[in-house]
Amino acid sequence: MKIEYLGHAAFKITGTKKILIDPFLDSNPKASLKSNDIKSADIILVTHGHGDHLGDSIQICKNTGAIFVSIHELILYAEENGVTNTEGMNIGGTIEIEGIKITAVKAEHSSCINVTDKGGYSGGNSIGFIVKDGNKTIYHAGDTGLFSDMELIGELYKPYVSLLPIGSRYTMGPKEASYAAQYLKSKIVVPMHYNTTPLIRQDPHQLNLFVSELGCGTEVKILEPGEYFEI
Ligand code: NI
Ligand code: MN
């Protein structure tokens, strides 16, 4: 399985299928790809309605025929906007798409779909995703604060890799994310959702420092947009 960071909270996961998570690309100054660069995709996972996560997912689904997977309310929005291939779910549920198991887990965050600068409407709850492809499991936390049920997520799903926000202001910062790493017991954590704008400026090496202090043995892998690793 190849895990490629596209910038902000966007990842491309290539295993038996091509999966994109939160593809916010065209309006993201730090993105390593633009939506038109994506010629094929099978599954798009969207954690919540904020523009920096919903991003270009609808256009990419239209361009590639990929399945749009998210919480029920966001599916309705995607369908209203012309996406025909969707799978709706909700917190605690698991679906299987061609052998890949996708579980929606809670995230402590809001989820407004901003259709204009002045507002929008509710996107339901914000979620995170567990993706299991064969014996490889990863966790994308979405936007979230720290919550102690991450320990249960670690125990139940045993994610080998966890993708955790560290930007603070809207999500956990590095200190909170180090506690998340301790709860999850993943082999690898990858920081995300930082340095896209000055409002979420962070030094990702802080996460490394805090994780080392806790001594939980997790490797912190810092990726620049466009960088990837394989598990
Ligand atoms: Ni958000
Ligand atoms: Mn966000």
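As the structure lists them, so they are numbered: ligands from 1, and atoms in each ligand from 1. Residue numbers start at 1 and run along the sequence shown. Note that the structure is a prediction, hence the values are computed from the model and not measured. These numbers come from the heavy atoms of this one structure, side chains and all, not from hydrogens, waters or symmetry mates.
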**Message:** So, applying side-chain contact (heavy atoms from CB on, under 4.5 Å) with Ile138, which one of Ile188, Ile130, Ile13, Val190 is it?
**Reply:** Ile13
**Minimum heavy-atom distance between Ala107 and Ala141, given as atom pair plus value** = CB-O, 3.9 Å
**Message:** Show the nearest heavy-atom pair for residues Ser32 and Tyr5, with the distance to one decimal.
**Reply:** OG-O, 3.8 Å
**Fill in**
Near the Mn ion (ligand 2), meaning under 2.8 Å, the protein N/O/S atoms are Asp52 OD2, His53 NE2, Asp143 OD2, His193 NE2
**Request:** Take the Ni ion (ligand 1) and tell me which protein N, O or S atoms are nearer than 2.8 Å.
**Result:** His48 NE2, His50 ND1, His109 NE2, Asp143 OD2
**Item:** Aromatic plane relationship, His8 with His193 - under 30° parallel, 30 to 60° tilted, over 60° perpendicular
**Value:** tilted
**Request:** Take the angle between the ring planes of His53 and His48 and call it parallel below 30°, perpendicular above 60°, tilted in between.
**Result:** tilted
**Asked** Aromatic ring centroids of His140 and Phe129 under 6.0 Å?
**Response** no
**Request:** Taking the six-membered ring for Trp and the single ring otherwise, decide whether the centroids of Tyr121 and Tyr77 are under 6.0 Å apart.
**Result:** yes
**Message:** Can you list everything that forms a salt bridge (Lys or Arg N to Asp or Glu O under 4.0 Å) with Glu108? Sequence neighbours excluded, please.
**Reply:** Lys106
**Asked** Which residues pass the salt bridge (Lys or Arg N to Asp or Glu O under 4.0 Å) test with Glu219, sequence neighbours left out?
**Response** Lys221
